[in-house]
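Have a look at the structure below, then the notes.
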Amino acid sequence: MHQTAHYRDGVERFVPSPSEAVLLAALVLFCWKLYGGTENDAVAGLSSVVVVVVAWVVGVSLRAALNDMRWWLLLGFLVALIVPWLGANTFQVGVMSQVCVFALLIFGLNVVTGYTGQISLGHGALVGISAYIIAILSSNYGWNVFAAMTVGISVTTAFGFVLGIPALRLAGPYLAIATLAAALIFPPLLKLDTFEDYTGGIQGLHETRLSPPGPIESFLKEHAPSDAYQNDFQRRKFAEESYLYYISLAAGVVGLVTLWNLGRSRFGRAFVAVRDSEVAATSMGINVPLYKVTAFGISALYAGFAGAAFFLVIAFVAPESFDLVNLSINPLAYLVIGGLATTGGPVVGAFGYMWVPRVINKIATVSGDFDKLQGAMTGLLLIVVMTRLPQGVWGGVRRVNALSWQRLAGDSWAWAFQRSPLFWAGLALAAVVVVLIAQFIGTVWAVFALALLIVAPHDVWSGAGDVLRRLNPGWKRNASIQADVT
Amino acid sequence: MTVAPAPALLQVRDVTITFGGLVALDSVSFDVGSGEIVGLIGPNGAGKTTMFNCVTRLYRPDRGSITFDGRDLLRVPAHRVAACGITRTFQNLALFPSLTVLDNVLVGQHHLLHADAVSSSLRLPTVVSEERAARAEACEIINYLDLDAYRNTYVRSLPYGVQKRVETARALVGRPRLLLLDEPAGGLNHEEVTRLGEQIRAIRDRFALTVLLVEHHMSLVMAISDHVAVLDFGRRIAVGTPAEVQRNPAVVEAYLGGQDEDGTHA
Amino acid sequence: METFFAQLANGASTGALYGLLALALVFIFRATDVVNFAQGEMAMFSTYLGWSISRPLSLSWIPFLGVDRHLNLLTWRPEVFGLPLYLGSENDGLTRLGYLVVLVVTVAIAFVMGALIERLLIRPSEGKNLLNAVIVTLGIFAFLNSLANFRYGPVPQTYPAPFRGDAVDFGLFKMSQHSLFALVVAAVLMIAVYVFFQRTKLGLGVRAAALNPSASQLMGINTGRMLTLGWALAAAIGCVAGMLIAPALSGISPNLMFGILLYGFAAAVLGGLDSALGAVVGGIAVGVGQSMVVQYVGSQWSDIIAFGLIIAILMVRPTGLFGAPAVKKV
Amino acid sequence: MSRDRKPWYRTPWMAALFLAAFALPVLAVACGDDDDNTTTPTKAATTSAATTATGSATGSASASASATTDAKAQIDTIKGDTTGVTDKEVKIGSYVAKTGPASIYDDIEKGWNIYFDEVNKKGGIAGRQIKFIVDDDGYNPVNTVNVVKKLVEQDQVFTLFNGLGTPGGNAVLPYLKDAKVPSLFIASGDAKWGDQGSTIIGLQPDYVTEGTTLGKYMAQNYKGKKYGILFQNDDFGKEGRDGLKKGVGGALTLVDEETYEANAPDINAQATKLINAGAEVLGVFATPTQFAGALKYVKAQGKSVVWFSSAVTASSSTAKLAEGAMDGVFSAGYLPDPSDPDPIVQKVVQFFKDHGVANPNSFHLYSYMAAEHLERLLTVVGKNLNRESLIYALDNVAFQGDWKSTLLRQPSIVTKSDHKVIEYEWIQKWDEKAGKFQYPIGDIINSETTKR
């Protein structure tokens, strides 16, 4: 069901054409600055617009010359490197560390659910096993954290293979519920009196957070942005959070690259083959049970890393931390929203997992009495994304991307002329309402939003157009393009 | 019954399989000689595809033996059959719809590649060169079967006939010595069937293959087969050259009942 | 021995509630092939609607107007042909007739709600990846839960029960009238679901539409309508379940159903996702199993053993106790 | 599909609506930050009267001993961290579960928001408006960590107030100590909050005290009988159990103790097991729904047993859920129930009714009490508000026994070594006919005595 961008030599290219880059940059910056809520919003808004414009211009000019993912990878990596200096405060850096943590978990889910098609609701338990083993070894037995991590991750991988055994006999919803049961068993097990001495029972286990080695710490403290980090405590926090961020980032990048490599190797193909047709896969020489269990094992390896990073970043484990919804169901939901069986989808999903609740919380808080409705907003978002972009955000971006730009421009005009006057009247009305609202609440962000729309009209609008097209099936794209992308 | 001069490549002996009391194959025996094209025919429900599934080990026969190149196939697990040199196509298509044509064909090479999970995920140089070689081979076969235009298209959006060719490509790329084709002419018109016949022969010659063919199109089978085996209700009722088989009264008898289903069946 | 039977009866009463929700899950799975995470919240929400209908401040049942909060004057007691629609008061609960009226009205609302959910939310993701529909149901779950929290508040409210007299004494054990009623309703619904799918043309159509949409379209079955019907009926069954669960568990709150949903899933899978009999038997098995573990092993082990057993049973019977074995097509 | 048979939701109108529906909230958030800056109070500068806002309670404070006045003078000289404080405003953060299984506690937030809206309307405290930033942690400790870091590092709040829940409180404790951000009046009954250093302070009596109080009463009145304990498998339940055992001593025989997980629909099996094992007295540390269910179930089974329950379940709303089965149930308590006819309590209930709360419950009363504590503290600190002066005032001036919250029985006392505000509990008994608790039954028990 997934779509991948393929170039002439048939090599699957990782990531972004300019449009994707612009959309992503805009998305990231938007969430970022939006949630930052710094005092000088005007500067933040303006600088976002500048960054978006630059990204777009650079992207367009580079597209022909650098039709090679390595440049984009590098660009993305460079941006990721300066994240501590982009963030308005240490909290945001901490959230970005957690984006890396949950990206690892979602990578793992992607292997087992995206590629291999086995729904697993038990991955929260795997993260928990890893985090708990590390916590127990390091706080009860005084192990070095990194040594404990090695053990934790290995044991979790082994558990992953065990969790994969039901996959040999169960299919679809039965497997989903079996793994769900595994996730439900985990917290009560931690609370058992028998294990309480090791697991800390309901109180959980604390660990002092890893602090950076001296030279790194002093370097980071020295170079902390002075406007945001004024006192020594804040600078120390900056050094600590940045250090943890870089560790998580390293893990996340390794996870991303290995996932991408795996996806385009014989393993990735075999996983998808197992998902699409077990019989054909068998006849092509694929040992289906072995690959199913392997998928769980690899996936648990990622989950183990996620647990290790989780322990580093949160530095606290308790049975309540590994609840069903937060660590098993939501990551899966955000994986599907990001895009199943893609490389970029999990990254989008991890961003969504960490940032969507925060942005929604912000919306809810602004709207006063409606803060209880944030669950409803999240629910609506899930529904809208799933019904309008069935292949997830990444799939949707790719779809837009696969279209030729000139054609898109032409199509947009054709589309515009085909709309009824009523539609335009409605749109104008909506715009007026938007402007009025902006009048009442503030203009800086309205300007930013409008700028975003003006800067990348074809791309962004065709993204919206894609949504509208679904609403208006009467409008069909040119048949040749259709064949290109479906 | 002509006996092949050299020991036959595939020897099927007394294969019997029942499904809940229903005898699908009843002591079926036949040989496929190296380099031959052998047709396996019979009315609907005669057990032809079941025979294929037994050879590829998707089913385990209750009795009998299947020997391939001197090796007892019944001791080989299903996923090793391809590595033994037997690949197949499916009657109702079993492609991987969410992969592109190229990736589908590459899956056919799965058993020829050896990269392990760790080096795959690190994409070590050995993996890169192995993948490159596989890709080159896959592209060659794609070109050979005129699928170049669809190389990066997802198979689910392709027309039926093209999908059939993709399946053939996927089977060929696994370097088989015995190719099992399950109704390759299904859904083709008269002209295309004629071309398909030529193509099968050409493939056999070019890749030095042996072909076992299940087909409803009598004209196709009779035109290209070196030998034909006829099944009816799970029993082998005749075996021989096309000419011999066409004269066999048992065959005529079997086909009289299912007149409407033979030959012109699409 | 007395303890054993008491636990048996107690487990069966709780299990009947699991079974009721599991029945709705099974129904929707058979009718649309979707595992519906929103089932519990749909039941909860429609139960809340029923609750607000049965309140004396009658305008409060008009959802989201919020008039009751400020305009308590608008209290009225609607009458239909001289029969008071609202029977009873806040404290003494509904009379049986009143309960019945509320039940019928609420089930009708739930039916419409289920149909609307299918038409508006599920339909666009049908025929795509199976997970998409599941994620949509998760979205509905979050949406309804938060909406109920917003509209009705998190504090549990009492809910009227139709049978509220003394417990019935069976000698070996006692069972409350409501639990017996729930068991009877579970059995009746189970038979009704079985008959619907197995013996009626409509049920056959619904099944066909779920199993092979394109083929049944060719056979002249309006698959779209069948799917809508499936969701509507499942919502109705869920509503009945909710209206029986709420009084059994001392009232209704937005988080009433989450625990029940998990055990309901366990029950449905244990019995076999496509078997109505399995749902109810599975529910009672889970309930009794929990009681027995509490009694004879220890309450800390209750969830661990219950869910562990479910995994074990699934390993032996991959499609549950009563599910049709999966057919492998070649 | 032909174009003229489009379903209604696929019309251009819906598309436009859809777009608008997206644009609106996005813009709304987008512009939210500007909003923060424009809401600076206009009245605050004009009023000087902290007294107008604080009502009767401050009256007694002014008549305090001379030692306190010295300490009071001291406050104005202390310099310290003024993060989150301006002349016009003080930013206070909190975390509570607004969503998820513990969302029932959200009423607490609603309660003190109402209270401080009223305070702000009257000019705030010492000329400062109270600005609350409350985030939802869904009762998940991982979320609590994130939410508290956001409050401290991004929103730069002055202090945390009344953050709810033990798991979350545990999770953020080292962080808060490290950051030296005060966490005032933590809404958790864990026993540890009393001695976690100068910046951490707990509000309510801990569950151990509660259990001990109940246990002592049991030991006095049901000597020689058999008893059982039923508790939720978390910190609340376990500490309650420990306290209960301690209070009982050896006066009653323990039959068995049973637990349940918080998401369990009912606890009937556990109750059955305990009663059939011969327990005549049951101590229960559960949440209201499960407890009410168990009461109803046991009553329907025709068993008679003496119930002792935690303050968590001691409210008229639990009695309503139990439908009559709560008659005669003993419980621990330190705060009156809204059903209490006492005119002071009814005044508070009326206060909430006047502000749009249809049925004020015990959470509202709790929030009122917590808010009073914060108001008292900020009023005492006065103009020179910083983290050090706040802690100094907390330890030395604000809660030295000359001030009592409206709803409490005893003055609130905080010392440097004991950072727990409320230290007493009473035994109460629900009277179904009267629709209220009879209390206090016996003496009010101070936890200082139970600790030993």
Side-chain angles (χ1 to χ4, degrees), chain A residues 1-12 107 111 114-115 117 254-291 294-295 297-298 301-302 340-341 391 402 482-486, chain B residues 53 56-58 77-84 86-90 93-104 106-124 127 130-131 134-135 138-139 142 151-158 167 170-171 173-174 180:
Chain A
M1 292 270 163
H2 75 301
Q3 301 202 338
T4 43
H6 284 270
Y7 293 79
R8 196 144 297 154
D9 62 347
V11 180
E12 184 187 331
F107 290 154
V111 171
Y115 289 124
V254 170
L256 179 70
V257 172
T258 49
L259 177 77
W260 172 39
N261 285 337
L262 205 64
R264 61 197 175 130
S265 72
R266 65 193 277 262
F267 278 85
R269 291 191 297 267
F271 288 150
V272 177
V274 168
R275 180 187 72 188
D276 281 2
S277 167
E278 290 191 15
V279 168
T282 307
S283 296
M284 295 305 125
I286 295 167
N287 184 350
V288 172
L290 180 72
Y291 273 79
T294 306
I298 293 177
L301 183 67
Y302 282 108
L340 275 174
Q391 287 162 354
Q482 198 92 14
D484 227 28
V485 284
T486 39
Chain B
N53 288 340
T56 52
R57 296 291 294 102
L58 295 175
H79 63 270
R80 289 270 167 73
V81 169
C84 292
I86 303 176
T87 59
R88 67 175 288 184
T89 68
F90 292 85
L93 289 180
L95 286 165
F96 310 116
S98 51
L99 289 175
T100 60
V101 169
L102 179 65
D103 281 344
N104 262 283
L106 278 172
V107 172
Q109 286 211 324
H110 186 85
H111 61 93
L112 298 174
L113 306 179
H114 301 290
D116 60 304
V118 176
S119 43
S120 287
S121 53
L122 297 176
R123 211 164 178 81
L124 299 178
V127 179
E130 189 184 81
E131 279 281 309
R135 207 168 283 269
C139 287
I142 285 174
R151 190 166 63 189
N152 294 324
T153 317
Y154 293 97
V155 292
R156 78 171 98 80
S157 58
L158 291 175
E167 266 210 327
R170 188 179 66 179
V173 84
L180 308 181

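The structure displayed is predicted, hence computed values, not measured ones.
- Looking only at heavy-atom pairs under 4.5 Å with chain A, the residue among B:T89, B:L112, B:D116, B:V118 that has the most is B:D116.
- Interface remark: B:A78 contributes backbone and side-chain atoms alike to the contact with chain A (heavy atom separation under 4.5 Å).
- For the pair A:I286 and B:V107, the minimum side-chain heavy-atom distance is below 4.5 Å.
- For the atom pair A:M284 CE and B:H111 NE2, the distance stands at 8.0 Å (nearest 0.5 Å).
- Put simply, of B:A82, B:G174, B:A83, B:A115, the one with the most heavy-atom pairs under 4.5 Å next to chain A is B:A115.
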Verdict with reasoning, A:R275 to B:S98, per side chain to side chain donor-acceptor pair (under 3.5 Å): CA-CA 9 Å; A:R275 180 187 72 188; B:S98 51; 2.7 Å; yes
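- For A:Y291 and B:H110, the ring centers sit closer than 6.0 Å to each other.
- Looking at B:N104, neither its backbone nor its side chain comes within 4.5 Å of chain A, counting heavy atoms on both sides.
- Taking CH2 from A:W260 and OG from B:S121, the interatomic distance works out to 13.0 Å, rounded to the nearest 0.5 Å.
- Interface check for chain B: of the options A:S277, A:A273, A:S265, the most heavy-atom pairs under 4.5 Å are formed by A:A273.
- B:F90 approaches A:S283 most closely through the heavy-atom pair CZ-OG, 3.5 Å.
- For the set B:L106, B:L122, B:L158, the entry with the most heavy-atom pairs within less than 4.5 Å of chain A is B:L106.
- With sequence neighbours excluded, no residue forms a ring pair (Phe, Tyr, Trp, His ring centres under 6.0 Å) with B:F96.
- For the pair A:D276 (side chain) and B:L95 (backbone), a donor-acceptor distance under 3.5 Å is absent.
- Side-chain atoms of B:R80 never come within 3.5 Å of backbone atoms of A:G285 as a donor-acceptor pair (strictly under, hydrogens ignored).
- Using a 4.5 Å heavy-atom threshold, the side chains of A:R264 and B:R123 count as touching.
- Every residue two or more places apart in sequence or in another chain that forms a salt bridge (Lys or Arg N to Asp or Glu O under 4.0 Å) with A:R269 is listed here: B:E131.
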